[in-house]
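None of the values given here were measured: they were computed from a predicted structure. All heavy atoms count here, side chains included; hydrogens, waters and symmetry mates do not.
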Amino acid sequence: MTTTGEDHSTALGGLWWWARRRSAVLDVGLAVVSSAECAVEGVPFARDAGIPLAAGLVFGLLAGSVLVVRRRWPVAVVLVTIAITPAQMGFLMGVVGLYTLAASELPRRIIGSLAGMSLVGTLIVTFVRVRQDMARGDLTLGDWFVPFASITTSLGLTAPPVLLGLYVGARRRLMESLRERADSLERELQLLAERAEERAEWARNEERTRIAREMHDVVAHRVSLMVVHAAALQAVARKDPEKAVKNAALVGDMGRQALTELREMLGVLRSGGGGVARREGVPLAAVGVAAAAAASRVADGEGAADGPCLSDLEVLVGQSAAAGMVVDLSVEGESRSYAAEIEQTAFRVVQEALTNVHKHAAGAKTHVRLAHRVSEIAMQVENEPPDEVSSASSARLPSGGNGLVGMKERVLALGGVFVSGPTEAGGFRVSAVIPAS
């Protein structure tokens, strides 16, 4: 049984076993009325029993006062009522006691046993009294009246309070059950709200990570090539003006391509990525749902169709070759189309690997291998050891250390395998295998 805040506050202000003060006042008032009734009924009982009237009054007062503990010990009240039934006392106490007993949380077998005892006791006492009255001539009705009066009186004093008590007890238990359900539902809703908040935060973090990874892939490669071309432009500006002009044009092309990809990405964020930022006037849960939807769209490949694909690998390799890298591209197996997120991930892995070669091993010969297999697609980018001069020049390119981490996250998100590390010859190798479906 649960206790609401109001019930708890009233319980603290109660007396003894009463939860509320008005309950105590009611029980004390019933006990006073019952004591007065039993005291009055104790006078004829004392005369019939041949005891002093004062003893009958005291006995009636004590017996009637038992009603004050009806909420705490309803069984005791009913037992006292049954005990004083032969003295024809305690009619009010019997009715209230049976009602309290039936409305209590006691087992039904105890309630039924005590109610049956009270019914039988009342039936016997009524039968004897009515028979004695008829024998004395006080009643001149037929013999049929004795059982009729006995059954009617016993049922009238026992059945109504028991039935009413059972109804009130069942209604009380139903209300408590509904209150418990309401409390449980409130706790579940609160838990769901907390989980929704956690999922929304997770979705926002995932979306921020995805955006950061895309920005890194788009900017790092293009800017790295621009830096390489700018260095070459600086080196040949005076010696070979024609080559310098060509390098300057390549730098411009790279910058325009980078700006185009950045605009496309920002356009996607403006149209469908509203869940990443907290908007003024929008509830946190709504922001989280939007972020979760955006993350779900990314996971499902929506919005990835406008990104790079495997058919752009030749252009990517050509750009690196134009920047002075000796790069070899080989494709095995029959070329076919894949899901947009698979092609984009494969392209980004090769792109980031080439970017790392520009940063850390400029001038090193690089081999790019792409293999179309039955149920998967494999790619590998391996560079040979760079010479000392190229290594010194490549040290000027900054590195955030997130390239390999981003590639691994992309591949693992699609259920693939990613391996990277130095080779025995002193170079570096990046390998990835992605399921084709």
What distance do [X] atom [atom1] and [Y] atom [atom2] have between them, rounded to the nearest 0.5 Å?
X      : Y      : atom1 : atom2 : answer
His358 : Ser320 : NE2   : OG    : 3.5 Å
Leu30  : Glu37  : CG    : CD    : 11.5 Å
Leu98  : Thr81  : CG    : OG1   : 7.0 Å
Arg72  : Asp27  : CZ    : CG    : 13.0 Å
Met93  : Cys38  : CE    : SG    : 5.0 Å
Ser113 : Arg108 : OG    : CZ    : 13.0 Å

Handout entry: For Tyr338, ring pair (Phe, Tyr, Trp, His ring centres under 6.0 Å) partners two or more places apart
Key =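 Applying ring pair (Phe, Tyr, Trp, His ring centres under 6.0 Å) to Tyr338 gives His372.
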Look at atom [atom1] of [X] and say whether more than 12 heavy atoms of other residues, nucleotides or ligands are closer to it than 6.0 Å.
X      : atom1 : answer
Arg195 : CZ    : no
Glu194 : CD    : yes
Arg173 : CZ    : yes

How about [X] and [Y]: do any of their side-chain heavy atoms sit closer than 4.5 Å?
X      : Y      : answer
Gln351 : Val381 : no
Glu382 : Val430 : no
Asp183 : Arg179 : yes
Phe91  : Leu157 : yes
Val411 : Val417 : no
Val43  : Leu57  : yes
Arg348 : Pro308 : yes
Glu332 : Leu370 : no

Answer yes or no: is there a donor N or O on one side and an acceptor on the other, between the side chain of [X] and the main chain of [Y], under 3.5 Å?
X      : Y      : value
Gln380 : Val368 : no
Ser118 : Leu114 : no
Ser35  : Ser65  : yes
Thr122 : Val120 : no
Ser154 : Ile151 : yes
Thr366 : Asn383 : no

Practice task
Indicate yes or no: does Glu201 engage Arg204 in a salt bridge with an N to O separation below 4.0 Å.
Solution key: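 Salt bridge: yes.
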Problem - Arg373/Glu376 ion pair, N-O < 4.0 Å - result: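 A salt bridge links Arg373 with Glu376.
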Exercise for the section: Evaluate the criterion side-chain contact (heavy atoms from CB on, under 4.5 Å) for residue pair Ile434 and Met379; output intermediate values, then yes/no. Expected result: CA-CA 9 Å; Ile434 304 175; Met379 64 228 63; 4.0 Å; yes
Exercise for the section: Under the side-chain contact (heavy atoms from CB on, under 4.5 Å) rule, what do Phe418 and Leu404 come out as? Steps first, then yes or no, please. Expected result: CA-CA 9 Å; Phe418 179 84; Leu404 294 177; 4.3 Å; yes
Handout entry: Stepwise side-chain contact (heavy atoms from CB on, under 4.5 Å) check, Phe347 with Leu316
Key = CA-CA 9 Å; Phe347 180 89; Leu316 179 67; 4.0 Å; yes
[X] versus [Y], closest heavy-atom pair with distance:
X      : Y      : value
Leu106 : Val75  : CD1-CG2, 3.5 Å
Gly60  : Met89  : CA-SD, 4.4 Å
Arg129 : Pro86  : NH2-O, 3.4 Å
Thr85  : Gly121 : CG2-O, 3.9 Å
Pro386 : His360 : CG-O, 4.5 Å
Phe45  : Ala87  : CD1-CB, 3.4 Å

Problem - Side chains of Arg70 and Thr100, donor plus acceptor under 3.5 Å - result: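 A pair is found: one side chain offers a donor N or O, the other an acceptor, under 3.5 Å apart.
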Problem - Residue pair Arg187 / Gln190, side-chain donor-acceptor N/O under 3.5 Å - result: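 No pair is found: no donor N or O on one side chain lies under 3.5 Å from an acceptor on the other.
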Exercise for the section: Any chance you could lay out the side-chain contact (heavy atoms from CB on, under 4.5 Å) test for Phe59 and Ile84, step after step, and finish with the verdict? Expected result: CA-CA 10 Å; Phe59 178 74; Ile84 64 175; 3.8 Å; yes
Practice task
Please name all residues satisfying salt bridge (charged side-chain N to carboxylate O under 4.0 Å, His left out) with Glu409, sequence neighbours left out, ordered by chain then number.
Solution key: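 In terms of salt bridge (charged side-chain N to carboxylate O under 4.0 Å, His left out), with neighbours along the sequence ignored, Glu409 is linked to Arg213.
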